[in-house]
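Since the structure comes first, as structure tokens, the remarks are kept for the end.
Letters A, B, ... mirror the listed sequences (proteins, then strands); counts begin at 1. FYI, side chains are in, hydrogens and waters are out, and symmetry mates aren't considered; it's all heavy atoms of this structure.
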Amino acid sequence: MSQTPPAGGHALAQIISDRLGKAERLRNRGEPPWGVDFHPSSSCAAAAALVPEAPGEEGEPLSVAGRLLALRSSGGIVFADCHDESGALQLVASREGSQPELVERLGELDPGDIVGARGRPFRTQRGEPSLRLEGLVLLAKALRPPADKRRGLTDPEQRYRRRYLDLLSEPGARQLFRQRSDIIRGLRRALDERGFLEVETPVLQPIPGGGDARPFSTHHNALGSDLYLRIALELYLKRLLVGGFERVYELGPVFRNEGVSPRHNPEFTLLEIYQAYGNLASMQELCQDLVGAAVRAAGSSPALESERGLVSLEPPFPARPMAELVAELTGLDPEPLWEDPDRFLQEVMRLGVEPPAQASPGRLLFAVYDQLVEPNLLGPCFVTQYPVEVSPLARLGPDPRFVERFELVVAGRELANAFSELNDPLEQRRRLTEQARLRAQGEEEAQPFDEDFVEALEHGMPPAGGIGIGVDRLVMLVTGARSIRDVLLFPALRPSPGEA
RNA sequence: GCCGCCAUGGCGCAGUGGUAGCGCAGGGGCCUUUUAAGCCCAGGGUCGCAGGUUCGAAUCCUGCUGGCGGCACCA
């Protein structure tokens, strides 16, 4: 390994080469730059708390481990900021207070290096909690420098592509992902307390059902069959209701072969819950409870600043039929138009709404709601009475044009989707047959027919309530994140040219 | 998939037609209490990629790649 920097080379190449040289010199001295064990007795934050108040006084010896993010050498004294997950502690080596060798060794380390340090806690003249070094061991030499110490990593591409650098240089990033974990744990705890069983169903499915979305496809070599990554959890969880489990949920990734945006990632985390002998009312209550659990777990206030304005997540959330919201917010009353689809279509187009391919009254109503009402609905609001045409898995309501379904809308976004589940196998067969017909006509998002699922219903599924919650969007809402990429550790990006 | 904006040393930025500059980081040196330490010295990029216009392009044009935002689809 050459120790001479390349003449006229790239700055980064020079840095790496220089650091490699340092690593090599350490190795030659019998100090391996990687792979040494070290077990700190204390976290940096805990050590800082043990520092005596009086200047000049020293505490009992202890050890910490972490990454050096700044080194300041001033002649015979060297300061280094050691960071671990808990916080930071300043390491100090001075000719009068430590072995001279330690001053030397600390001084030749680089920002980014991970070290183990032993010493006595004390306070510097300026009052900074510090550790007077009595021992120092390099645990991992960093060959590349950390991000800019002043500004951190501001290029969003780099933040997402090399998340570890973002986490390292932005304390807020780590905090956000800790909140995400807290929220997910809060949801699980709330469900566990209510007697729900967490299950795992296939990610690879022969028929990707339960939602309207285009799937990713793959192939199983040994089986010689095509498989799809699941777009929803619904049909397998309902099979479990047939099987006698009465309260089940699954929280995990689903995959949709669709566009990427600040609110969409091709893989995202979905929570689906099914409760035998539940209905729409029990799902509303559960939904409110879970949103509340998420807010509490995140340590957030129920009064949240969203892109659309201030939102209060204090229950209860009001419930409003879709047709009522449309009439109120667009002035278009769907009721008198229901028997006159042609006029309905005209009125819809007059509002500037892109009409659906199949212009039935229900689809027209949904189009107006979807394009004009939902995006402007601050909420929280349970939007109820969805047209049957757009809800092939939900039970009909008293008015057979509509199903017993709600979506929870907050700040113009769907946060949850719930039904009284359809358990009539004959009706389900008709609805899925209709979906298959639309699919054959080229509607790629219509649901494929799943004979095995219908057969399961023919064995008898108890009446049930079910709900799906977009976990990433819930996390965004309660943490105030603007982009879904901010709440996903490794969001979807195109492969960079170098790794394509 | 469509539209708009962006792309300069490791990081953050300036430079809108005459052959690139600043701060941080990195290298050498001074300094025993610093904490965005300070001071001195030297170094590093041909300006995302490929073409084109021009006597001459980081700077104008075209295409491509990547990112961001919006639309479409959806959660």
Whole-Å distance separating the [atom1] atom of [X] from the [atom2] atom of [N]:
X: A:Phe255; N: B:rC73; atom1: CZ; atom2: P; answer: 24 Å
X: A:Arg123; N: B:rU33; atom1: CZ; atom2: P; answer: 19 Å
X: A:Glu104; N: B:rU32; atom1: CD; atom2: P; answer: 14 Å
X: A:Arg263; N: B:rC68; atom1: CZ; atom2: C1'; answer: 13 Å
X: A:Arg162; N: B:rC11; atom1: CZ; atom2: C1'; answer: 10 Å
X: A:Ile484; N: B:rG70; atom1: CD1; atom2: P; answer: 13 Å
X: A:Leu71; N: B:rC24; atom1: CG; atom2: C1'; answer: 15 Å
X: A:Tyr164; N: B:rG10; atom1: OH; atom2: C1'; answer: 13 Å

RNA chain B: 5'-proximal contact among A:Lys22 and A:Gln371 (nearest heavy atom): A:Lys22

Earlier contact from the 5' end, RNA chain B, for A:Gly75 and A:Ala416: A:Gly75

Residue matched to [N] through Watson-Crick or wobble contacts both under 3.5 angstrom:
N: B:rA42; value: none
N: B:rU19; value: none
N: B:rC68; value: B:rG4
N: B:rG63; value: B:rC49
N: B:rA14; value: none

A:Arg29 atom CZ, neighbour heavy-atom count above 12 within 6.0 Å: yes

A:Ser74 (side chain) and B:rU32 (base): donor-acceptor pair under 3.5 Å: no

Polar pair under 3.5 Å, donor/acceptor by atom type, side chain A:Gln90, base B:rU34: yes

Stacked cation flag A:Arg405 on A:Tyr386, 6.0 angstrom / 45 deg: yes

Charged tip of A:Arg132 within 45° of A:Phe122 ring normal and under 6.0 Å: yes

N or O in side chain of A:Arg126 less than 4.0 angstrom from B:rU34 OP1/OP2: yes

